[in-house]
Amino acid sequence: MAGLRLGPLLRYVDWDGGGSATIWVEADRPCTAEVRCEDGAQGTSRTFQIAGHHYALVPVTGLTPGTATAYEVLLDDRRVWPPENSPFPPSTISTPDVPSDGVTVSFGSCRWSAAPADGHDPVGPDALDTLALRLAAEPSAARPDVLLLLGDQVYADATSKETRAWLAARRDISEPPGAEVADYEEYTRLYDESWSDPEVRWLLSTVPSCMIFDDHDVIDDWNTSASWLAGMRATAWWQERILSGLMSYWVYQHLGNLSPAELESDELYAAVRAAPDGTDRLRSFAAEADADPACVRWSYRRDFGRTRLLMVDTRAARVLDEQNRSMLDADEARWLREQALDGRGTYDHLLIGTSLPWLLPPLIHDAESWNAALCRGERGERWARFGENLRRRADLEHWAAFPDSFEKLTRLIAEAGSGPGAPATVCVLSGDVHHAYLAEPEWPDAAPDAQVLQLTCSPMHNSIPRSIQFGFRFGWSRTGRRLGHAFARHGRTGRPPVDWRRTGGPWFGNHLMTLTLRGRSSALRLDQARAVGPAGKAAVLVTADERELTADD
């Protein structure tokens with residue numbers, strides 16, 4: 001009998017009244033996966049095979065707009081979800097009214113798998129775990145319409161004690177890449193560990209999710225520079241690591257980002273499903289994507305009524321030539337521009353999901369743009385060597401480290417937020433930097449009509465040294481700004497096309513940020529997971545900040 005190895009994950013839910021959704025599962029053997037809903041909606045799909053693992057993305061049709069219906073998962077006609085005697089409420093698929101009156105979006109990034117239930121958690125309670133416990137305890141409580149997971153869903157380069165022991169039993173971890181993951185099978189272990197957590201498993205079964213990768217999904221500082229990449233490609237283990245990382249991302253994260261229509265037209269998805277074993281076909285695709293990143297688009301668009309989300313790949317799409325560095329290749333940049341400006345006046349809120357913040361503390365921004373100038377030779381070969389070494393040691397590879405891309409994104413945001421049909425808000429949603437903050441640009445000339453915000457929320461479950469906390473605080477200070485100006489003068493970078501100020505934070509801890517968008521109004525809430533009770537064994541979400549961003553016209 002087939003068993004459920006991982007999932008179900010509720011991924012796509014239709015917001016246009018089509019009554020469809022997709023649910024991702026991993027089974028322990030080939031089978032037919034079926035989803036049956038209480039209201040009669042259903043869907044089936046045969047599993048496909050990758051490297052001895054069996055997956056299905058089940059399209060569910062016949063859902064009624066404006067309803068919530070419980071569902072169950074069957075494998076070869078045997079119910080495997082929900083599990084018997086589950087302590088959680090039924091998993092449901094909730095569809096919005098058409099037209100929708102708004103959307104609630106919760107987002108964050110950087111999640112180590114939760115510590116074992118009987119173990120000490122050195123980084124504090126997991127924000128996703130804690131959200132799940134809140135929703136399970138209050139089934140009628142308001143819940144997000146969608147979770148945006150903005151990178152570092154798994155850590156291929158920072159494995160847990162339990163995974164390190166598993167790796168050591170499998171191979172010699174004294175040989176590179178040591179206790180980091182090496183191949184596809186080891187990536188599956190990371191997803192098992194992260195998504196088998198009971199609370200998170202239930203949460204992801206009942207709240208739709210959109211995902212994008214960041215560096216730790218592959219390796220710290222992935223695609224920092226051309227010399228970094230050349231050094232990695234010279235190792236004996238990198239090729240297997242990058243191919244396995246891209247293959248597993250496609251299976252576990254990317255497929256669920258796509259709508260049923262996009263899946264139906266996806267040639268790779270069709271080929272993998274048609275093959276008795278899709279491993280070679282997927283591996284060939286990953287090799288092509290690694291050799292020529294421009295041949296694949298990991299970025300995608302989702303419309304939630306009158307809210308548009310553009311999830312942007314800021315890792316694989318980079319151009320690393322020092323004289324032509326770009327966060328996005330030409331096709332990717334063109335796609336972002338087209339999607340941001342398409343149908344102006346048809347959306348009230350534009351969300352740009354990019355794992356890396358657009359607006360950093362000013363000192364850090366200036367240090368990164370200065371470093372980029374050094375690395376391209378602005379101060380000569382000796383400074384260029386120094387700059388490359390510093391870039392890798394200090395993780396200087398955000399938008400500011402790609403100055404032309406920073407300026408293009410800034411101009412695009414201003415254009416999308418200006419003129420007739422401008423949205424009420426343009427929000428850049430980011431993570432990566434292991435703290436939360438709000439920043440607002442101050443435009444040198446006429447400001448856009450839209451309220452423009454950088455909203456950064458990280459981590460969901462991780463930590464940050466106190467020394468780096470101090471550095472982020474100092475980066476916003478007047479003294480930090482003056483030091484940043486000195487870097488800019490030395491690098492001959494000039495001033496950025498926009499200034500900005502911090503309007504909230506920094507907050508340190510494990511957080512989730514939530515946007516509530518109704519009509520042209522918008523409100524923000526930041527929740528922090530805090531340990532409570534005897535020995536801190538329980539956790540609650542405590543609101544750290546709450547504010548109105550815009551009011552309805």
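Heavy atoms only: backbone and side chains are in, while hydrogens, waters and symmetry mates are out.
At a threshold of 4.0 Å, the pair Asp348-Arg520 counts as salt-bridged, since one of the basic side-chain nitrogens sits closer than that to a carboxylate oxygen. The pair Arg283-Glu240 meets the salt-bridge criterion, with a side-chain N (NZ, NE, NH1 or NH2) lying under 4.0 Å from an Asp/Glu carboxylate O. Salt bridge annotation for Arg518-Asp552: absent, with no cationic side-chain nitrogen under 4.0 angstrom from a carboxylate oxygen. A salt bridge links Glu84 with Arg79: the distance from a Lys NZ or Arg NE/NH1/NH2 to an Asp or Glu carboxylate oxygen falls below 4.0 Å.
Using a distance-only test at 3.5 Å, with no hydrogens or angles considered, no donor-acceptor pair links the side chain of Thr64 to the main chain of Thr67. For the pair Ser244 (side chain) and Tyr184 (backbone), a donor-acceptor distance under 3.5 Å is present. The backbone N or O of Glu38 lies less than 3.5 Å from a partner atom in the side chain of Thr69, making a donor-acceptor pair.
Here Gln153 contributes atom CD and Phe213 contributes atom CZ; the two are 10.5 Å apart, rounded to the nearest 0.5 Å. The distance from the CG atom of Leu336 to the CG atom of Asp313 is 11.0 Å, given to the nearest 0.5 Å. Atom OG1 of residue Thr516 and atom CD of residue Glu548 lie 11.5 Å apart, to the nearest 0.5 angstrom. Here OG1 of Thr159 is found 5.0 Å from CZ of Arg164. Values are rounded to the nearest 0.5 Å. For the atom pair OG (Ser458) and CZ (Arg111), the distance works out to 13.5 Å, reported to the nearest 0.5 Å. Here CG of Leu351 is found 6.0 Å from CG of Leu309. Values are rounded to the nearest 0.5 Å.
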Verdict with reasoning, Arg315 to Leu356, per side-chain contact (heavy atoms from CB on, under 4.5 Å):
CA-CA 9 Å; Arg315 285 292 169 185; Leu356 305 176; 3.6 Å; yes
Assess whether side-chain contact (heavy atoms from CB on, under 4.5 Å) is satisfied between Thr32 and Leu75, documenting all intermediate values.
CA-CA 6 Å; Thr32 296; Leu75 301 180; over 6 Å; no
I would like to know whether Asp545 and Arg525 meet salt bridge (charged side-chain N to carboxylate O under 4.0 Å, His left out); could you show each step before the answer?
CA-CA 6 Å; Asp545 190 71; Arg525 189 182 72 251; over 6 Å; no
Could you check Arg547 against Leu549 for side-chain contact (heavy atoms from CB on, under 4.5 Å), going step by step and ending with a plain yes or no?
CA-CA 6 Å; Arg547 64 183 71 190; Leu549 301 177; 4.0 Å; yes
Run the side-chain contact (heavy atoms from CB on, under 4.5 Å) check on Gln339 and Trp335 step by step: do they pass?
CA-CA 6 Å; Gln339 300 305 316; Trp335 176 88; 3.4 Å; yes
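Under the 4.5 Å side-chain criterion, counting only non-hydrogen atoms from C-beta, Ser45 is in contact with Arg273. Inter-residue side-chain proximity for Met513 and Asp527 is flagged as unmet; no heavy-atom pair is nearer than 4.5 Å. Counting heavy atoms from C-beta on, the side chains of Asn462 and Trp112 come closer than 4.5 Å. Taking 4.5 Å as the limit, some side-chain heavy atom of Trp250 sits within range of a side-chain heavy atom of Val272. Contact of the Cys110 side chain with the His434 side chain is registered, since non-hydrogen atoms from C-beta on lie closer than 4.5 Å.
Put simply, the residue from Asp129, Asn510, Asp121 that forms a side chain to side chain donor-acceptor pair (under 3.5 Å) with His461 is Asp121. Among Val58, Leu255, Leu10, Leu263, the single residue meeting the side-chain contact (heavy atoms from CB on, under 4.5 Å) criterion with Thr22 is Leu263. A side chain to side chain donor-acceptor pair (under 3.5 Å) with Asp183 is found for exactly one of Arg171, Arg241, Arg170, namely Arg170.
Every residue was checked against the ring-ring contact (aromatic ring centres under 6.0 Å, His included) condition with Tyr269, not counting sequence neighbours, and none meets it.
For the salt bridge (charged side-chain N to carboxylate O under 4.0 Å, His left out) condition, the pairs that include at least one residue of residues 191-201, sequence neighbours left out, are Arg5-Asp192.
The minimum heavy-atom distance between Val154 and Ser194, with the atom names listed, is CG1-CB, 4.4 Å. Closest approach of Arg302 to Cys210, counting heavy atoms only: NH1-SG, 3.7 Å. Taking all atoms of both residues into account, the shortest heavy-atom contact from Ser20 to Leu63 is C-CD1, 3.9 Å. Scanning both residues, Ala2 and Arg78, for their nearest heavy atoms gives O-NH2, 2.7 Å.
Around CD of Gln469, the count of heavy atoms belonging to other residues, nucleotides or ligands within 6.0 Å exceeds 12.
For His435 and Trp507, the ring centers are positioned 6.0 Å apart or more. Checked against the 6.0 Å centroid threshold, Trp24 and Tyr252 count as a close aromatic pair.
Between the side chains of Glu262 and Asn257, no donor N or O sits under 3.5 Å from an acceptor N or O. Inspection of the Thr425 and His349 side chains reveals an N or O donor paired with an N or O acceptor under 3.5 Å.
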Taking distance alone, no hydrogens or angles, what donor-acceptor pairs closer than 3.5 Å link side-chain atoms of residues 135-152 to residues at least two apart or in another chain?
from: Arg143; atom 1: NH1; to: Thr206; atom 2: OG1; distance (Å): 3.0
from: Asp145; atom 1: OD2; to: Thr104; atom 2: N; distance (Å): 2.7
from: Asp152; atom 1: OD1; to: His216; atom 2: N; distance (Å): 3.0

